[in-house]
2 protein chains.
Amino acid sequence: MRDHPAVILLIEDDETHAMLIIRAFEDVKINHKIHWMCSADDALDYLLQKGKFANPRDCPRPDLILLDLRLSVVDGHEVLRAIKGSQKLKALPVVILTTSRNNADIAKAYSNYANSYLVKPMGSEMFREMMNDLGNYWLKWNIK
Amino acid sequence: MRDHPAVILLIEDDETHAMLIIRAFEDVKINHKIHWMCSADDALDYLLQKGKFANPRDCPRPDLILLDLRLSVVDGHEVLRAIKGSQKLKALPVVILTTSRNNADIAKAYSNYANSYLVKPMGSEMFREMMNDLGNYWLKWNIK
């Protein structure tokens with residue numbers, strides 16, 4: 001059993017999608033806290049505890065990273081490459097959570113060692129079911 | 001919806017553990033087939049469709065690999081390194097499924113880009129629950 005809430009870093013620049021994810025996670029029966037970042041720069045600063053994210057108490061190392069690919073300025077592939085290329089960060093599980101079913105995106109993500117790749121389903125019922133299974137699997141069973 | 005059974009490659013040299021995993025997967029409500037290999041050599045031949053595993057119809061590329069670490073002769077870490085070092089194989093999701101909670105094993109597995117690391121629980125009820133969540137997540141939602 002966890003003695004502190006599981007920490008999820010959500011990297012998503014679409015506010016509607018971010019709210020849908022955060023709301024769907026309310027059904028996950030595991031104590032957790034979601035830190036939402038809407039840019040790649042903020043996400044990397046958070047992970048490296050730099051700048052406004054320098055306090056490790058406020059910005060704990062996440063148990064799970066949910067990463068959108070279509071971010072403005074620096075895209076999700078670059079964030080993934082930065083995480084998996086860093087000795088300090090590479091053990092963090094990164095789940096791609098995107099609308100893209102494009103084969104080039106899927107191949108590029110796995111080539112950069114994404115832990116898993118999920119496509120956001122259109123229906124809200126299926127979306128909540130996916131978020132529930134996702135939360136259960138990574139927060140309850142995965143060890144890191 | 002899948003038009004063919006999901007394929008799982010189970011790499012496990014302990015017959016009792018392999019049987020427990022195969023039986024627990026009977027509860028997973030997704031059409032699947034498990035190919036069980038009890039040595040690293042056979043597993044790599046299967047993945048590379050070599051020797052007695054040369055027929056792609058009998059030995060389809062798996063949707064998920066479940067890998068024990070404590071194999072005789074060549075260990076699981078070597079198998080993981082071979083998979084994640086191969087351009088042909090690196091996109092295959094590899095879930096470590098082991099009795100080891102050893103920090104060195106966990107760090108080494110993630111350093112070699114394991115997709116996920118699970119410790120086999122002792123209780124049979126919890127074991128079946130874990131296998132169910134594992135099957136649901138990787139076979140139902142993960143895209144590769």
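The figures that follow rest on heavy atoms only: side chains count, while hydrogens, waters and symmetry mates do not. Here the structure is a predicted model, which is why all the values come from computation and not from measurement.
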Enquirer: Need one label for A/V94: side chain, backbone, both or neither, based on atoms under 4.5 Å from any heavy atom in chain B.
Expert: neither

Enquirer: For the pair B/R70 and B/E12, find out whether any cationic side-chain nitrogen is under 4.0 Å from an anionic carboxylate oxygen.
Expert: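 No salt bridge links B/R70 with B/E12.
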
Enquirer: What is the ring orientation for B/Y137 with A/W138, classed by angle as parallel under 30°, tilted 30 to 60°, or perpendicular over 60°?
Expert: perpendicular

Enquirer: If you count heavy-atom pairs under 4.5 Å between each of B/R101, B/Q87, B/M130, B/K84 and chain A, which one has the most?
Expert: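 If we count pairs closer than 4.5 Å to chain A, B/M130 comes out on top.
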
Enquirer: At a 4.5 Å cut-off on heavy atoms, which part of A/A114 comes close to chain B: side chain, backbone, both, or neither?
Expert: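 A/A114 touches chain B through backbone heavy atoms alone.
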
Enquirer: Distance to the ring centre below 6.0 angstrom and angle to the axis at most 45 degrees; does that hold for B/K90 and A/Y113?
Expert: yes

Enquirer: Does the side chain of A/D105 come under 3.5 Å of the side chain of A/H77 through a donor N or O and an acceptor N or O?
Expert: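 A/H77 and A/D105 do have a side-chain donor-acceptor pair below 3.5 Å.
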
Enquirer: Which of parallel (below 30°), tilted (30 to 60°) and perpendicular (above 60°) describes B/F25 and B/H32?
Expert: perpendicular

Enquirer: Mind ranking A/P121, A/A109, A/S111 by heavy-atom pairs under 4.5 Å with chain B and telling me who comes out on top?
Expert: A/S111

Enquirer: Please classify the contact of B/I106 with chain A as side chain, backbone, both or neither, using a heavy-atom distance under 4.5 Å.
Expert: side chain

